There are 2 protein chains.
Amino acid sequence: MTQKAPPPDAGNAPDGMFNQSLARGISVLESFRGAGGPLTLAQIAARTGLTRSAAQRLVHTLRKLGYLTLTQDGHGFLLHLPVLDLTHDYLRLNPLLRRASPFLLELRQQVRERVDLSLFDGARMVYASRLQSKREAFFATLVGNTVPSTSTSGGWAALALLPDAEIDAILTATTLPALTPRTLTDPDAIRAEISKTRRDGHALAVEQVLMGEVAIGMAIPDAAGRPAGAIHVAGSLAEWAPEAFRRHVVPSLAEAVRNIGCA
Amino acid sequence: MTQKAPPPDAGNAPDGMFNQSLARGISVLESFRGAGGPLTLAQIAARTGLTRSAAQRLVHTLRKLGYLTLTQDGHGFLLHLPVLDLTHDYLRLNPLLRRASPFLLELRQQVRERVDLSLFDGARMVYASRLQSKREAFFATLVGNTVPSTSTSGGWAALALLPDAEIDAILTATTLPALTPRTLTDPDAIRAEISKTRRDGHALAVEQVLMGEVAIGMAIPDAAGRPAGAIHVAGSLAEWAPEAFRRHVVPSLAEAVRNIGCA
DNA sequence: GCATTTGTATTGCTGTCCGATACGGCTGCA
DNA sequence: TGCAGCCGTATCGGACAGCAATACAAATGC
């Protein structure tokens with residue numbers, strides 16, 4: 001009976017166990033989301049809604065801990081290396097990655113195309129591992145990069161495991177950005193793709209994220225049957241017709257997913 | 001007065017601007033370093049040196065913020081997805097990566113071997129970007145993975161930019177693990193490699209991190225001439241004799257480093 | 001079925017964090 | 001040359017947020 005209803009967070013009840021200082025400090029780290037470069041103290045204060053004083057003290061603390069650094073020209077702060085230590089611990093300990101890693105390598109050798117593993121997080125898929133990358137813009141290859149669940153083969157495959165009500169919630173809550181001219185933005189078109197995915201057991205996406213790219217995704221369920229993440233295999237339309245790519249990839253991909261089992 | 005002996009912190013000066021709660025919360029995140037799996041509350045408390053109560057409150061807070069999660073079987077806590085958001089922001093904003101990324105891609109196309117960028121952090125090199133990986137153990141390919149500066153071509157190249165006194169400090173402070181049977185662990189042998197690197201402008205490492213691997217590294221200096229990071233190019237000894245690999249890689253690598261300039 | 005875990009919840013005291021305010025060093029505009 | 005507006009930094013008394021001890025339900029393992 002412990003599982004009451006962890007309040008939807010938004011209107012948070014007075015929580016006597018919540019550490020405000022820690023939350024504020026974390027919000028300083030998060031204030032770099034979407035920033036275009038170093039942030040000054042005033043900018044951090046503005047982005048977090050904190051007092052200049054509070055921001056100052058938290059920045060000071062994070063600096064002593066190594067997580068923030070003053071840029072070399074002294075004109076602002078940036079996230080610093082210890083962040084990557086957390087990254088490594090997260091990736092290293094992630095149960096899905098641990099289970100999937102040997103099979104990802106095997107899959108990569110079989111299909112000889114790019115193999116990615118991304119983690120399901122509602123409206124977005126978060127890249128956790130990219131075994132190879134050829135053509136892409138560099139920053140798209142970075143760990144932690146996200147793409148809308150509605151715009152990738154892996155996302156479709158993950159969404160296909162959810163009940164329709166949840167899919168609708170995601171489709172309506174999110175604005176659907178057109179990453180390419182061919183990206184599907186019509187909710188019904190996306191629902192249709194999810195239906196196809198349910199029928200076929202895998203998703204096929206053509207030029208949804210990047211022009212010239214075809215990708216096939218399959219979801220990895222967790223023990224409860226909900227999507228934990230997905231594996232994509234991506235190829236070039238210059239080398240593959242979509243159907244040929246499907247025939248090339250699906251058998252190995254399906255076997256990999258089967259081997260991984262439930263995460 | 002109030003500022004007597006804070007906690008048994010590492011003998012640091014009393015710092016009225018230091019936010020203890022934030023530091024403790026971060027230490028909870030860091031407590032997963034080296035963990036073999038999920039941690040229980042008691043383990044977190046033990047690893048951080050916090051009271052059970054304190055650990056509880058901080059874990060509670062980090063959970064509400066999404067950074068920690070209770071494992072599905074309810075038997076411990078793990079780092080969670082928002083960590084990767086910080087990762088992405090860090091990588092995206094890192095000045096060295098921003099400068100280097102186009103040239104890394106170009107270099108990769110020219111040499112057609114694995115190209116890595118790692119960041120210099122004293123005794124260790126931290127992987128920030130791996131453009132391709134063929135043979136390695138999966139977890140060695142993860143972002144945030146570290147290798148001793150003394151055991152890699154990139155590390156040698158970075159150390160070569162430092163004054164000898166600092167090199168000695170690193171060599172004596174660190175225990176030098178033998179990652180392979182051929183890893184150099186004798187400080188003088190490493191000093192000799194650094195000398196060669198200074199003479200040649202690049203480092204060549206054979207089977208220092210992984211058997212069967214040859215790697216060439218060049219350092220990227222910051223504005224002050226200190227090492228900011230290094231680029232490695234790694235190939236297989238099955239395909240390349242070390243000297244042939246050197247001739248193949250060094251011209252393109254040197255050009256890339258020249259183009260990147262000072263970070 | 002007792003002993004020891006696990007995660008969770010409550011409470012009164014106190015010491016830590018709060019935020020207004022002030023300072024010195026820059027940059028750039030006049 | 002000087003003022004205005006940033007920058008990051010430092011200080012200080014008061015109050016409120018976080019502290020640690022303690023208790024509880026549920027799961028685990030003898």
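Keep in mind it's a predicted model, so treat the numbers as computed, not measured. Order of the sequence lines sets the chain letters (A, B, ...), proteins ahead of strands, with each chain counted from 1.
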So does [Y] get a backbone contact from the side chain of [X], meaning a donor-acceptor N/O pair under 3.5 Å?
{"X": "Arg57(B)", "Y": "Phe18(A)", "answer": "no"}
{"X": "Arg47(B)", "Y": "Glu30(B)", "answer": "no"}
{"X": "Ser21(A)", "Y": "Leu22(B)", "answer": "no"}
{"X": "Thr71(A)", "Y": "Gly76(A)", "answer": "yes"}
{"X": "Thr51(A)", "Y": "Ala54(A)", "answer": "no"}
{"X": "Thr87(B)", "Y": "Gly144(A)", "answer": "no"}
{"X": "Thr174(A)", "Y": "Leu171(A)", "answer": "no"}
{"X": "Asn94(A)", "Y": "Tyr90(A)", "answer": "no"}
{"X": "Gln43(A)", "Y": "Thr40(A)", "answer": "yes"}
{"X": "Ser149(A)", "Y": "Ala123(A)", "answer": "yes"}

Exercise. Is the shortest side-chain N/O distance from Ser21(A) to OP1 or OP2 of dT16(C) below 4.0 Å?
Worked result: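 The answer is no; no side-chain N or O of Ser21(A) sits under 4.0 Å from OP1 or OP2.
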Exercise. Does the side chain of Asn19(A) get closer than 4.0 angstrom to OP1 or OP2 of dC19(D) through an N or O atom?
Worked result: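 Yes, such a contact exists.
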For this session: Please tell me which of Arg63(A) and Gln20(A) maps to the more 5' nucleotide of DNA chain D, matching each residue to the nucleotide holding its nearest heavy atom.
Result: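 So the residue in question is Arg63(A).
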Problem set entry | Contact pattern, 5' to 3', of nucleotides 20-25 of chain D - B, S or - by protein heavy atom under 4.0 Å | BBB---
Using whole Å, report how far [atom1] of [X] lies from [atom2] of [N].
{"X": "Leu70(B)", "N": "dT8(C)", "atom1": "CG", "atom2": "C1'", "result": "11 Å"}
{"X": "Lys64(A)", "N": "dT9(D)", "atom1": "NZ", "atom2": "P", "result": "12 Å"}
{"X": "His60(A)", "N": "dT11(D)", "atom1": "NE2", "atom2": "P", "result": "11 Å"}
{"X": "Leu62(B)", "N": "dT8(C)", "atom1": "CG", "atom2": "P", "result": "13 Å"}
{"X": "Phe77(A)", "N": "dC7(D)", "atom1": "CZ", "atom2": "C1'", "result": "9 Å"}
{"X": "Leu58(A)", "N": "dT16(C)", "atom1": "CG", "atom2": "P", "result": "16 Å"}
{"X": "Phe18(B)", "N": "dT11(D)", "atom1": "CZ", "atom2": "P", "result": "17 Å"}
{"X": "Leu78(B)", "N": "dT6(C)", "atom1": "CG", "atom2": "C1'", "result": "16 Å"}

So which protein nitrogen or oxygen atoms get under 3.5 Å of nucleotides 27-30 of chain D's nitrogens or oxygens?
residue: dT28(D); atom: OP1; partner: His75(B); partner atom: NE2; Å: 3.3

Problem set entry | Contact summary for Leu162(A) and Ile170(A), nearest pair of heavy atoms |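 Distance-wise, the nearest heavy atoms are CD1-CD1, 4.3 Å.
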Problem set entry | Leu50(A) to Ala55(A) - nearest heavy-atom pair and separation |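 Distance-wise, the nearest heavy atoms are CB-N, 4.3 Å.
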Problem set entry | Those residues that, when tested against His60(A), pass side-chain hydrogen bond (donor to acceptor under 3.5 Å, both in side chains) (two or more places apart) |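 If we apply the side-chain hydrogen bond (donor to acceptor under 3.5 Å, both in side chains) test to His60(A), skipping adjacent residues, the hits are Asp15(B).
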Problem set entry | Within residues 33-42 of chain A: residues closer than 4.0 Å to DNA chain D (heavy atoms) |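 Heavy-atom cutoff 4.0 Å gives Thr40(A), Leu41(A), Ala42(A).
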Problem set entry | salt bridge (Lys or Arg N to Asp or Glu O under 4.0 Å) against Arg52(A), all qualifying residues, sequence neighbours excluded |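 Arg52(A) satisfies salt bridge (Lys or Arg N to Asp or Glu O under 4.0 Å) with no residue once adjacent residues are dropped.
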Problem set entry | Between the first and last five pairs of the helix from dG7(C)-dC24(D) to dA30(C)-dT1(D), the angle of the axes, rounded to 10 degrees |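 For the helix from dG7(C)-dC24(D) to dA30(C)-dT1(D), the axes at opposite ends meet at about 50°.
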Exercise. Of the candidate nucleotides dG18(D), dT11(D), dA9(C), which contains the atom at the shortest distance from the side chain of Met17(A)?
Worked result: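 From the listed options, dA9(C) comes nearest.
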